[in-house]
Chemist: 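What follows is a structure written as structure tokens; I'll ask about it next.
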Amino acid sequence: MGGIYVFECEKCKYEARVAGGRDSGFLINTQTKICPDCRQLVDVVTGIIPGVYMTEKKKLELTEAKGSCPECGKRKFLLWKARACPKCGGKMKKACADPVLYWD
């Protein structure tokens, strides 16, 4: 089961609800990245967990989503380095130690 946390920029107050790095649920693996078109932090599907039963329709949906921005659909990303804000370059911090959402 994966977790979503709130990250906030100390400088411009941009807020994102993302895993904050690599994460895994029951069906997929994700990685927090920066979409250069949206200039937002997004969790991108990086893989489907092998051996998990799912319908062909669900497998197709996940395969199509793999590697694309959930906001704009583009497939080009930047690594989220040193927790820098994608809007202003300031430092982003986890707002709370506990996840605001669990996903699977």
Side-chain angles (χ1 to χ4, degrees):
M1 182 174 299
I4 300 294
Y5 299 86
V6 175
F7 288 86
E8 183 179 71
C9 177
E10 296 176 329
K11 188 175 176 184
C12 73
K13 304 302 180 199
Y14 166 71
E15 186 178 284
R17 293 173 185 262
V18 293
R22 290 184 178 172
D23 207 0
S24 293
F26 293 119
L27 300 178
I28 61 172
N29 296 314
T30 64
Q31 170 83 44
T32 304
K33 296 184 179 184
I34 299 170
C35 177
D37 293 318
C38 296
R39 292 187 56 207
Q40 294 190 53
L41 288 177
V42 293
D43 284 331
V44 179
V45 176
T46 57
I48 298 172
I49 305 292
V52 174
Y53 172 78
M54 66 182 83
T55 65
E56 287 303 313
K57 181 180 177 185
K58 185 66 173 177
K59 188 180 273 186
L60 181 62
E61 287 173 3
L62 292 174
T63 301
E64 288 175 356
K66 187 177 175 184
S68 63
C69 175
E71 300 293 323
C72 71
K74 300 276 174 85
R75 295 182 175 269
K76 181 176 150 188
F77 299 97
L78 303 171
L79 290 177
W80 188 35
K81 296 180 182 175
R83 298 216 168 150
C85 176
K87 302 285 186 184
C88 74
K91 185 174 174 90
M92 294 193 73
K93 285 192 160 185
K94 202 182 274 188
C96 180
D98 297 323
V100 293
L101 176 75
Y102 290 104
W103 64 273
D104 57 51

Chemist: Measuring from Arg83:CZ to Glu10:CD, what's the distance to the nearest 0.5 Å?
Modeler: 12.0 Å
Chemist: Give the minimum heavy-atom separation between Cys88 and Cys12, together with the two atoms involved.
Modeler: SG-SG, 3.7 Å
Chemist: So, for Cys72 and Cys69, which heavy atoms are closest and what is the spacing to 0.1 Å?
Modeler: N-SG, 3.4 Å
Chemist: Can you confirm whether more than 12 heavy atoms, excluding those of Lys94, are under 6.0 Å from its NZ atom?
Modeler: yes
Chemist: Are the side chains of Val100 and Arg17 in contact, using a 4.5 Å heavy-atom criterion?
Modeler: yes
Chemist: Closest approach of Ala19 and Asp43, non-hydrogen atoms and distance?
Modeler: N-OD2, 2.9 Å
Chemist: Going by salt bridge (Lys or Arg N to Asp or Glu O under 4.0 Å), name the residues that satisfy it together with Lys74, two or more places apart in sequence or in a different chain.
Modeler: Asp37
Chemist: Report the residues that fulfil side-chain hydrogen bond (donor to acceptor under 3.5 Å, both in side chains) with Gln31, sequence neighbours left out, ordered by chain and then residue number.
Modeler: Arg22
Chemist: Is the closest basic N to carboxylate O distance between Lys13 and Glu15 below 4.0 Å?
Modeler: no
Chemist: Is a side-chain donor or acceptor of Lys87 paired with a backbone partner of Arg39 at a separation under 3.5 angstrom?
Modeler: yes
Chemist: Can you tell me if Arg75 uses its side chain to pair, donor with acceptor, with the backbone of Lys66 under 3.5 Å?
Modeler: yes
Chemist: I want to check something: taking the side chain as every heavy atom from C-beta on, are Asn29 and Ser24 in contact at a cut-off of under 4.5 Å?
Modeler: yes
Chemist: Can you list the other members of the hydrophobic cluster that holds Tyr14, where links are side-chain heavy atoms under 4.5 angstrom apart?
Modeler: Tyr5, Phe7, Val18, Ile34, Leu41, Leu78, Trp80, Met92
Chemist: Start with the C-alpha gap between Leu27 and Ile48, add the side-chain angles, then the distance that decides, and say whether side chain to side chain contact (heavy atoms under 4.5 Å, CB included) holds.
Modeler: CA-CA 6 Å; Leu27 300 178; Ile48 298 172; 5.7 Å; no
